[in-house]
Amino acid sequence: MFKELDPLLHSELRLAVMSILVSVESAEFGYIKKETGATSGNLSVQLDKLTQAGYISVEKGFKGKMPCTTCRITPKGIQAFKNYVEAIKTYLG
Amino acid sequence: MEEKKLDVNESLELISRMIRNTQNKLEVNAAIPLLVWGYVTIAVTVAIWILVHLTGSNVWHYLWFAIPVLGLPLTRLFNKSSQKSVQTYIDRVLSYVWWVLGVSCVLISICSFFVPVRLPILAIVLLLMGSGSLITGLVIKFMVHAIGGAVSVTLALVMLLIPETLDNQLMLFAISFICMSIVPGHILYHKAKSAKEEVENV
């Protein structure tokens, strides 16, 4: 029986962001942008969607005098990621 | 990368690639603490050796406290220009390990002034620092650092066993810091720099 894939995670950029955040404690916007190769605008939109779903938390601060956005995965996000991987397994049989 | 829908295999490939890239990330600033603490310790050790030999006074041993006094601000200064853009769980654990070991070294050094027996303080500090390097090297799978740590632990035990003279104690102490800090620090720095240049050239 196939499990339904979370539509929020079943998108290339959002899944890439969640895969990065699940393996670290926190990552800065610039790091995620570099690793995913996304544009700043697109990445901001996708981070907003993940934040609204409660999958990640975003903290805006400063690194020296430069503004710095730091992202972290939430427990709800970790659970959603686990569920997504479990759901994928059902497709692979 | 866009907001494109993936098939199941693409999803799995993407997840494993992102996790792998993040875990293999080597940052140049990972080498900074090793180099700063290594060079500061060697410089202070050599300074003490020269000053004690020149003056014949043991008062110069107070200079050991210059290691944390110089090491802490220098590490902060160098890290400021290249702060880590990603923080892993291993980073946090290792940072706690080094804080505990560092504070223990300072406390035992202070205590050595007040206890009635003479403590082999250099051997104790070396044992703590060597253990920290061994743990760090094994955790981050950087064997040069782990081997440097093991060499330092061994030399700390040698320091306890051989007759104690200023020359052999300071020489073994300096050799240990070359093995566990300076050599791995330079190797890590060049590895991370090459990896960064490789990524930038792709």
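A, B, ... follow the sequence lines: proteins, then strands. Residue 1 opens every chain.
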Seminar exercise, completed: Comparing A:Cys71, A:Ser26, A:Ala27 against chain B, the one with the most heavy-atom pairs below 4.5 Å turns out to be A:Ser26
For this session: Count the heavy atoms belonging to other residues, nucleotides or ligands that lie under 6.0 Å from CH2 of B:Trp60, then report whether that count exceeds 12.
Result: no
Seminar exercise, completed: The reported gap from CG in A:Leu21 to CE in B:Met18 (rounded to nearest 0.5 angstrom) is 11.5 Å
For this session: Write down the atom of A:Val22, the atom of B:Tyr89, and the distance for their closest heavy-atom approach.
Result: O-CE1, 4.5 Å
For this session: Please look at B:Asn9 and chain A and tell me whether the side chain, the backbone, both or neither of the residue comes under 4.5 angstrom of a heavy atom of that chain.
Result: side chain
Problem set entry | Approximate separation, where rounding is to 0.5 Å, of A:His10 NE2 and B:Asp7 CG | 7.5 Å
Exercise. If you measure from CD1 on A:Ile88 to CD1 on B:Ile15, what distance do you get to the nearest 0.5 Å?
Worked result: 4.5 Å
Problem set entry | Between CZ on residue B:Arg20 and OG on residue A:Ser23, distance to nearest 0.5 Å | 11.5 Å
Exercise. Would a 4.5 Å heavy-atom cut-off, applied to side chains only, mark A:Glu25 and B:Thr88 as touching?
Worked result: no
For this session: State, to 0.1 Å, how close A:Ala16 and B:Leu14 come at their nearest heavy-atom pair, and which atoms those are.
Result: N-CD2, 3.8 Å
Seminar exercise, completed: Honestly, the part of A:Val17 sitting under 4.5 Å from a heavy atom of chain B is neither
Problem set entry | Structural part of A:Phe81 lying under 4.5 Å from a heavy atom of chain B | side chain
Problem set entry | B:Val86 to A:Tyr31 - nearest heavy-atom pair and separation | CG1-CE1, 3.8 Å
Problem set entry | Smallest separation among heavy atoms of A:Val24 and B:Gln87, with atom names | CB-O, 3.5 Å
Exercise. When rounded to the nearest 0.5 angstrom, what is the spacing between CG in A:Leu5 and OG in B:Ser11?
Worked result: 7.0 Å
Problem set entry | B:Tyr62 atom OH: more than 12 heavy-atom contacts under 6.0 Å | no
